[in-house]
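Report on the structure given below.
Note that ligands are numbered from 1 as they come in the structure, with each ligand's atoms numbered from 1 the same way.
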Amino acid sequence: MGCEFAGEMKYARGLEGVTAAITSIACIDGEEGKLIYRGIPIEQMAEYSTFEETAYLLWFGKLPTAKELEDLKEKLVKERALSDDIIDHMRKFPKDADPMDVLRTAVSLLGMTDPEVKNPNREVNIRHSIKMTAKIPTIISAYHRLRNGKDPIPPRNDLSHAANFLYMLLGEVPDPQIERIMDIALILHAEHGMNASTFAAMVTASTLSDLYSAVVSAIGTLKGPLHGGANTRVLYMLEEIGSLENVEKYVLDALKEHRKIMGFGHRVYKAYDPRARILKRYAKELSEKKGDTLWYRMGEEIERIMIREVGKKGIFPNVDFYSGMVYHHMGIPRDLFTPIFALSRVVGWTAHILEYLEANRIFRPRAIYNGPIDVEYTPIEKRQ
Ligand code: SDX
């Protein structure tokens, strides 16, 4: 019979080394530790671009003209607000919910109440990409206010994506340095090839389901501690270690007991993640500005010991290692770090879907069957 037996089929655990799509959105050189968005090195994006411009580049394949950028910014600004209906639903969410669950549920609500969801086409999908990108910061900050017994702060239309998010979340317009660092963090997180959450989004979209459903799949996937959830875990780890002197023993014990050090290792990078290198600079800058450098110094020490012990295995800091320290020094609570990852990555998720749908084919891999065959059905009264 035509079961899928071992020996007859190739199997790659965790799909390692499997090529699932052809893309012109981003490329990672894991050996050299390089990342490009549409050909442009990530270092140049971080230096010169903005999140809004990055979104245009990833969605539409080229840097925008001044007019194209203004048009996109205007569309994003117009879509920032949430309806009273969505806010009313959110008021009923438990105050102690995981903000990633809140985000997943709220995006699902947006999809359920979007009249265009039933007739998707490329134009509609672009509109939905813009809508989700515009509204996710509002969802995260509205929930944070509501869980603290406060009313959500409505978005402002004169602020950048990064500044408006911080304003709605913390109640103050950030100073230009903080705004710029948040903008850079969003640029760095916007896209990363065929990572788990992007793949999850693409699998959902490949069935010709709608974009909201695909982003809901992606949010659920990003939440896990092996993926976007690691940034939150890094801070818990720093807290658990407690002091610079404890770092070496903690790391060596973890490695001996085969426990993972959060924010280290990567399926593709066998060198230093270039995004982590940039975020490290801002983690240092902000911790010095705040006069609270302990976690940064502990981070550097963890890095030194990890590279000494397992650098030869290709284990280095990844994007999640220093991002949490950056957000922490902005006064952001740690359970919002992974939602902030989603706030930015929604652009990469939707860019890949838009690209893949141009020549869509449903994702449908196979599995090697290693169970029994020719087993006879036993009636319930005869079962032991
Ligand atoms: C992100 O894919 C993307 O692009 C993701 C991402 C994006 O932008 O979308 O870059 C964002 O998800 C970053 C990763 C965040 N996760 C973590 O920081 C969690 C800790 N790291 C890992 O668990 C791990 O490195 C993964 C999940 C990131 C990668 O897993 P793999 O490729 O399946 O590797 P593995 O778990 O099979 O590890 C291979 C070896 C093992 O040693 P051996 O058994 O071969 O001796 O490396 C060791 C592992 O024990 N190892 C680690 C380690 N990561 C790997 N050892 C200690 N600490 C770690 N963090």
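- D114 and H128 share a side-chain donor-acceptor pair at under 3.5 Å.
- Residue contacts with ligand 1: V310 is excluded, as none of its non-hydrogen atoms falls under 4.0 Å.
- Under 4.0 Å from ligand 1, the heavy atoms of D320 that appear belong solely to its side chain.
- For atom 33 (O) of ligand 1, the candidate residues are M306, R13, R267; the nearest heavy-atom contact is made by R267.
- For atom 38 (O) of ligand 1, the nearest protein heavy atom lies 4.0 Å away or farther.
- Considering backbone and side-chain atoms together, I28 places no N or O closer than 3.5 Å to any N or O of ligand 1.
- Counting heavy atoms closer than 4.0 Å to ligand 1, residue I315 contributes side-chain atoms (C-beta onward) but none from N, CA, C or O.
- At a 4.0 Å cut-off, not a single heavy atom of R233 sits close enough to ligand 1 to count as contact.
- Ligand 1 is never approached by V268 to a heavy-atom distance shorter than 4.0 Å.
- Note on ligand 1: H189 sits outside its first shell, no heavy atom being nearer than 4.0 Å.
- In summary, the side chains of W349 and S197 do present a donor paired with an acceptor at a separation below 3.5 Å, with no hydrogens or angles considered.
- Aromatic ring orientation, H227 versus F341: perpendicular (interplanar angle above 60°, classes split at 30° and 60°).
- Counted by atom type alone, T232 and T338 present one or more donor-acceptor pairs between their side chains at under 3.5 Å.
- In the model, T50 has no side-chain atom that pairs as donor or acceptor with a side-chain atom of E53 under 3.5 Å.
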